[in-house]
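Keep in mind it's a predicted model, so treat the numbers as computed, not measured. Residue numbers run from 1 in the order of the sequence given. In what follows, every heavy atom counts, from backbone to side chain, and hydrogens, waters and symmetry copies are set aside.
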Amino acid sequence: MPGSALKAAGLALMMGAGLIVTMRVHAAQEPEGGFFGDYYTPTQGTESQGQETSIMYMPEDYDVTYSGMLDQYTGDVPEVQEGVDGNGSDLVYMITEDMGFDAGSRQYVNYVRGDKSKYYYSSLPKGIVTNGSISFQMGSRNQYALYCDGERVTDMDVSNIVQEGSYVLETYGQGSSDAERFEFTIIQSLTNTIEQFTIPDGFRFSGVMVNGEQAAVPSGTVFQMSSDGNYRFEFGCGEIGMSYLVQVEKDTVAPILSFTGVIDGIAKGPVTILKEDENAILEVSKDGAAINVPYTHVLEDYGDYVVTVRDMAGNSNEYRFTIQLYFTMMSMMVFLLLIVIVAGLFGYYRYVKTHLRVR
């Protein structure tokens, strides 16, 4: 957004269905760097088309007109018009106290708590779960830290985050110790971590499908995911004309392995690993050290084994067993050959000792 001009337009809730309302927004005259101030000072008047409300909402000169049908229950305006002031700045529609929507750039504006003159942009709203990516444009005076699945990450480009995970972006305004948390989740495939699906504040569910069948649409912002299956969520914010679709496949069942040659955790010969899920990932350690999994899935060396199997959703199972020392046909032949060699050497030594004389 050019300059420091951030604007927001308020919506008026007018009684009576079908009332045509015209709203004009004028700026309060405040010193440079001010923000909300006295943000709501209504004055009543009349026009031929309805009522007029003047609202002091932002610190700089601004004039935008909404004309349309207001919903008598929610105050929603079907279309939000883009307004431009003398400086060429676009309208920012406030969705929550700390987040707005820039009608020109189609980006979300996030204000840093404790310092309203500091803000940054995001391609998606705060608190969203998405199948895609998210990008941030951070102000040069904003300090921030990014966490993924509880771990601090320092080498990730915040202008294009695509890696799966549960994220927290903490931002700090200059001179502020109160961090603003921007939480979001990226899911590209299966998951076993979500118990409920939550949409961002200021948005509403428009449709939910579970395993291909329509489900009841929640009145709030949370849908309980009580069982495994395929979920499809549609939600949006009609005031800004933005809607989203997210699909989630929930799987909390861990994959299972079976083994040939193992009885009560003991094997006296080779062990073959059998997978039920061909896409499952195997990890094998022997005597405490990780080893490569043979392409035949057959373990032959004696020792203590730990075999872990994981699926794409993150579910896992662990198996432990011991392969005891055993003899194969080849090892038996080698063993007999060694006995013959040792016996021959011993016989030669005896011969040399008894037949050779020192002259």
Requested in this report: State which residues pass ring-ring contact (aromatic ring centres under 6.0 Å, His included) with Tyr120; sequence neighbours excluded, sorted by chain then number.
Outcome: none

Requested in this report: Dump the intermediate steps for side chain to side chain contact (heavy atoms under 4.5 Å, CB included) on Glu180 and Lys126, then the final yes or no.
Outcome: CA-CA 11 Å; Glu180 169 73 12; Lys126 181 186 304 182; 2.2 Å; yes

Query - side-chain contact (heavy atoms from CB on, under 4.5 Å) against Leu345, all qualifying residues, sequence neighbours excluded - result: Ile341

List, one per line, each side-chain donor-acceptor pair under 3.5 Å for residues 152-168, sequence neighbours excluded.
residue : atom : partner : partner atom : Å
Asp157  : OD1  : Ser159  : N            : 3.0
Asp157  : OD1  : Ser159  : OG           : 2.7
Asp157  : OD2  : Ser159  : OG           : 2.8
Glu164  : OE2  : Gln188  : N            : 2.6
Glu164  : OE2  : Ser189  : N            : 2.9
Glu164  : OE2  : Ser189  : OG           : 3.4
Tyr167  : OH   : Gln163  : O            : 2.7

**Report entry** ILVMFWY cluster, Phe321 and Leu274 together (side-chain gap under 4.5 Å)
**Finding:** no

Requested in this report: Go through the structure and list residues passing ring-ring contact (aromatic ring centres under 6.0 Å, His included) with Phe136, not counting sequence neighbours.
Outcome: Phe182, Phe184

**Report entry** Atom of Glu278, atom of Lys275 and distance for their closest heavy-atom approach
**Finding:** O-NZ, 3.3 Å

Requested in this report: Would you mind reporting whether Ile256 and Asn317 have side-chain heavy atoms less than 4.5 Å apart?
Outcome: yes

**Report entry** Verify same cluster id: Met312, Val246 (apolar side-chain graph, 4.5 Å)
**Finding:** no

Query raised in the report: About how many Å separate NZ of Lys268 and CD1 of Ile323, when rounded to the nearest 0.5 Å?
Result: 13.5 Å

Query - Shortest non-hydrogen contact from Ser316 toward Thr308 - result: CB-CG2, 4.4 Å

Query raised in the report: Has the side chain of Asp102 got a donor or acceptor atom that lies under 3.5 Å from a matching backbone atom of Gln107?
Result: no

**Report entry** Pair Tyr231 and Phe197, ring centroids less than 6.0 Å apart
**Finding:** no

Report task. For the residue pair Leu169 and Leu146, establish whether any side-chain heavy-atom pair is separated by less than 4.5 Å. Result -> yes

Requested in this report: Verify side chain to side chain contact (heavy atoms under 4.5 Å, CB included) between Tyr108 and Ile95, making sure each step is shown before the conclusion.
Outcome: CA-CA 9 Å; Tyr108 294 89; Ile95 301 174; 3.8 Å; yes

**Report entry** Side-chain touch Val262/Tyr319, heavy atoms, less than 4.5 angstrom
**Finding:** no

Query raised in the report: Is the Phe203 ring parallel, tilted or perpendicular to the Phe235 ring (thresholds 30°, 60°)?
Result: perpendicular

Query raised in the report: Is Asp304 reaching over with its side chain to a backbone N or O of Asp287, donor-acceptor style, under 3.5 angstrom?
Result: no

Query raised in the report: Got a second to check how far Arg204's CZ is from Ile199's CD1, nearest 0.5 Å?
Result: 9.0 Å

Requested in this report: Spell out, yes or no, whether Val217 and Tyr244 are grouped together once hydrophobic residues are joined by side-chain heavy atoms under 4.5 Å, including indirect joins.
Outcome: yes

Query raised in the report: Honestly curious: do Ile291 and Val309 fall in one hydrophobic cluster under the side-chain, below-4.5 Å linking rule?
Result: yes

Query raised in the report: Between Asp201 and Met99, does a side chain to side chain contact (heavy atoms under 4.5 Å, CB included) hold up when you go through it step by step?
Result: CA-CA 10 Å; Asp201 291 339; Met99 182 177 69; over 6 Å; no

Requested in this report: Would you name the heavy atoms of Tyr147 and Ala145 that are closest together and state the gap between them?
Outcome: CE1-CB, 3.8 Å

List, one per line, each side-chain donor-acceptor pair under 3.5 Å for residues 292-302, sequence neighbours excluded.
residue : atom : partner : partner atom : Å
Thr296  : OG1  : Val298  : N            : 3.4

Query raised in the report: Heavy-atom count around Glu151 CD within 6.0 Å, excluding the residue itself: above 12?
Result: no

Report task. Check whether the side chains of Ser122 and Asn110 place a donor and an acceptor atom closer than 3.5 Å, and report yes or no. Result -> yes

Query raised in the report: Nearest 0.5 Å, what's the OG1-CD1 distance between Thr252 and Ile194?
Result: 12.5 Å

Query raised in the report: Does atom CE of Met242 have more than 12 heavy-atom neighbours from other groups under 6.0 Å away?
Result: yes

Query raised in the report: Side-chain contact, heavy-atom cut-off 4.5 Å: Glu239 with Met94?
Result: no

Query raised in the report: Are any side-chain N or O atoms of Asn131 and backbone N or O atoms of Ile187, one a donor and one an acceptor, separated by less than 3.5 Å?
Result: yes

Report summary line: Distance col, row Thr322:OG1 vs Ile266:CD1, nearest 0.5 angstrom, shows 4.5 Å

**Report entry** Where Ala280 and Pro255 come nearest, the two heavy atoms and their spacing
**Finding:** CB-CB, 4.4 Å

Query - Any residue meeting ring-ring contact (aromatic ring centres under 6.0 Å, His included) with Phe223, in chain and number order, not counting sequence neighbours - result: Phe233

Requested in this report: Keeping the roles fixed (side chain from Tyr144, backbone from Met138), state whether a donor-acceptor pair exists under 3.5 Å.
Outcome: no

**Report entry** Spatial distance of atom OG1 (Thr198) from atom CD1 (Ile128) [nearest 0.5 Å]
**Finding:** 12.0 Å

Query raised in the report: Roughly how far, to the nearest 0.5 Å, is NZ of Lys250 from CG of Asn230?
Result: 12.5 Å

Requested in this report: Please indicate whether Gln196 has more than 12 foreign heavy atoms, meaning atoms of other residues, nucleotides or ligands, lying under 6.0 Å from its CD.
Outcome: yes

Report summary line: Closest non-hydrogen contact found for Pro218 with Val208 is CD-CG2, 4.1 Å

Query raised in the report: Which heavy atom of Ala313 sits nearest a heavy atom of Leu190, and at what distance?
Result: CB-CB, 3.7 Å

**Report entry** Gln247 and Met209: CA distance, side-chain angles, deciding distance, side chain to side chain contact (heavy atoms under 4.5 Å, CB included) verdict
**Finding:** CA-CA 9 Å; Gln247 299 186 81; Met209 295 188 71; over 6 Å; no

Query - Transitive ILVMFWY side-chain link Ile273 to Ile263, under 4.5 Å - result: no

